Amino acid sequence: MALRQIKHYQRDEVLRKKSKPVDKIDERVQILITDMIDTMYQAEGVGLAAPQVGILKRIVVIDIGEGVHVLINPEIVKESGEQIDYEGCLSLPGIRAQVKRPAEVIVKALDRNGKEIEIEANGLFARALCHELDHLNGILFIDKAIPETLEREQP
Ligand code: NI
């Protein structure tokens, strides 16, 4: 098992950059995906995007407790409704805040075998998808947080 170091929002500019589409799902990409999954579970997160381990590729992994989803070059093709709830992020340890997100999303992507997939999600899964896809564009949840709900854990 190979863990990658999770980048920190105050130290790592990479989190603010836009990731590039994956054009070939080769051995390197497979290793990255496996490492991202291991790193996510080790850190007890529900999702991880490649820029969070310093790689500017459009890859996210998510597991909200129902098994892992791997999404390559994901795009939101439909969103509806809204929901407001707390979010945190492995790159912003000790911080949480409420964020408004769509209640439901449909996301298209490739899986790790290069097969086209379409995911319909609501609730926490929709929230996690929106949060992770934002990482691919250099956006962090604090950018969208409702300011008066911001909470910092005492160090
Ligand atoms: Ni995050």
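Order of appearance sets the numbers: ligands from 1, and atoms from 1 within every ligand. None of these values were measured; they are calculated from a predicted model.
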* To do: Applying side-chain contact (heavy atoms from CB on, under 4.5 Å), run through Ile25 and Gln30 and close with a yes or a no.
  => CA-CA 7 Å; Ile25 305 171; Gln30 293 293 352; 3.4 Å; yes
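- No side-chain donor from either of Arg16 and Asn137 sits under 3.5 Å from a side-chain acceptor of the other.
- Of the candidates Asn73, Val77, Ile76, Val77 is the only one forming a side-chain contact (heavy atoms from CB on, under 4.5 Å) with Lys108.
- Taking 2.8 Å as the limit, the number of protein N, O or S atoms around the Ni ion (ligand 1) is 3.
- Under the salt bridge (charged side-chain N to carboxylate O under 4.0 Å, His left out) criterion, no residue pair touches residues 62-81, with sequence neighbours excluded.
- For the 3.5 Å distance criterion, the side chains of Arg96 and Thr149 fail to qualify, holding no donor opposite an acceptor.
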* **Residues Val99, Ile146; criterion side-chain contact (heavy atoms from CB on, under 4.5 Å); working and verdict** => CA-CA 6 Å; Val99 186; Ile146 300 167; over 6 Å; no
